[in-house]
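I am attaching a structure below and will ask some questions about it afterwards.
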Amino acid sequence: MKNSESPRIHQAIKIATTAHEGQLRKTGEPYIVHPLAVKKILEEWGMDEDTIIAGILHDTVEDTNLTIENIKTEFGETVAFLVDGVTKLGTARKGMKDLDSYLPETKDNLLRLLIATGSDIRVLIIKLADRLHNARTLSALPPDKQQKIAKETLEVFAPLADRLNMGRLRVELSDIAFSYIDRRRYDYLKKLIETRNKSSAKSLKKIEKEVSDILTKEKINFEISGRIKSVYSLHRKLEKYNQNIDAIYDLTALRIIVDDITSCYLALGLIHSLYTPMGGRIKDYISVPKQNGYQSLHTTVITPDKKIIEFQIRTREMHEYAERGLAASFFYNEQKVTENYKQGKIQHLPTNLLWINELQAAAAGLRAGKKVDIKKLKLNLFADKIFVYTPKGDIVDLPKGSLPLDFAYRLHSEIGSHVVGVKINGKMSNLNTHLHNFDVVEILTNKNQTPKTTWFDKVITSHARQKLRAQLSKIPKKSIIPSKKR
Ligand code: MN
């Protein structure tokens, strides 16, 4: 234990250790190892003391004799509220039955879940820290549990981290999960990245030097470093580009961090004076940030030696925010963000604070006994994604505009190939019906059904398209009924 730790944190560790006494993790270690790991993650994210204490205590109410009342007496209202929120979220995932009291009028589990956490977003941050440590120690679990947790991590928690602009977390969660879901592919791509990086190391060094020289000459304060693409994001990109690795230009990128926005644009100009920018590949996420608040300048250039390389240019603040996201906005407390905004160091306040405010208002309203209009409650968080449920209540996320066959292929390619119909929210529906947020989708199959070329018109995801193409290629040509449309 560190000496710098506050008496309250000390006390929380003592209480949690006693409460979990005798319990073991699946790894064989004493249970307390887990809450302490969660504590460390929350500290790394720069969270406040109440959140750290709640992180230490997060499993006590569900798994030990400690009660919320005990926690309230010892650590106060806020910590008790946070622990209660994390506990409810755990229950929520199992069936959400006790969340009925929150929103009896809706069966939308994810919405309930978000409102339960929305009242204090720190609940979600503790949950993400909890999930991160569980993912890191996933090898201790039996294979079926590993698959289930890996899938959920990839489908719910990694997108959530992305929405909170917690880039570093998103990368770690999705890479761990993907390594369990498709080990061979993971190993293959990891190797591929390494090999490619090794062979480009020399030319990269040369480019790094040329750029450093010109930035120094122009008296721009900077840091430069290589950014290696994550395995899972390469996998996703390869799916999008028909597995053509040569179409992927950002396998390695150079990242330049400068003092202010003016220097970002100056650096961009200098890079373009050295190398030829590729058309259509200059992206100004500083003027127009991504929806999750991400800011940076991106450009892909061709060097005289015909090397293609991507540059990402941003300020220190933008970098912190891209890596740590929402947690960083706690770290750099609101005042600092506002101060930077006033001084012109950042042009936009973090956009994600908007939906958090909205969610918090809804949750506060509910607690005060007010009726909340669910339809009016916009979930900006998932604006370009929808979440639908299997009849068993598992959550699947899909791009907006997805159709039943996209969903079916997402569940399993064998389910996809045998689709004969679909029930949406209990009603028989057409395969051309767009799915909506929180729909419960039941796929009807028949073992005699075979995939059809006409189905290409009924899918929008590259995943479904790819599976369908693979299945059709195995069917003898003459039995394929040609599609009228192309
Ligand atoms: Mn836990």
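For ligands, and for the atoms within them, numbers begin at 1 and follow the listed sequence.
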Would a distance-only check, ignoring hydrogens and angles, find a side-chain to backbone donor-acceptor pair under 3.5 Å from T18 to K14?
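Side chain of T18 to backbone of K14, a donor-acceptor pair under 3.5 Å: yes, one is there.
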Counterpart residues, side-chain hydrogen bond (donor to acceptor under 3.5 Å, both in side chains), relative to K458 (two or more places apart)
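In terms of side-chain hydrogen bond (donor to acceptor under 3.5 Å, both in side chains), with neighbours along the sequence ignored, K458 is linked to no residue.
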- Which count of protein N, O or S atoms is obtained for distances strictly below 2.8 Å from the Mn ion (ligand 1)?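 Protein N, O or S neighbours of the Mn ion (ligand 1) under 2.8 Å, waters not counted, come to 4.
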Report task. Would you mind checking if E43 and K39 are paired as a salt bridge, meaning a charged N to carboxylate O distance below 4.0 Å? Result ->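 Looking at K39 and E43, the cut-off is met.
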Please say whether more than 12 non-hydrogen atoms of neighbouring residues, nucleotides or ligands are located less than 6.0 Å from NZ in K467.
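Result for NZ/K467: open.
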Item to complete: For D130, enumerate each residue passing the salt bridge (Lys or Arg N to Asp or Glu O under 4.0 Å) test, keeping only those at least two apart in sequence or located in another chain.
Response: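 In terms of salt bridge (Lys or Arg N to Asp or Glu O under 4.0 Å), with neighbours along the sequence ignored, D130 is linked to K127.
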Exercise for the section: Sequence neighbours left out, what passes ring pair (Phe, Tyr, Trp, His ring centres under 6.0 Å) with H418? Give chain and number order. Expected result: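 Scan of H418 (ring pair (Phe, Tyr, Trp, His ring centres under 6.0 Å), adjacent residues dropped) gives none.
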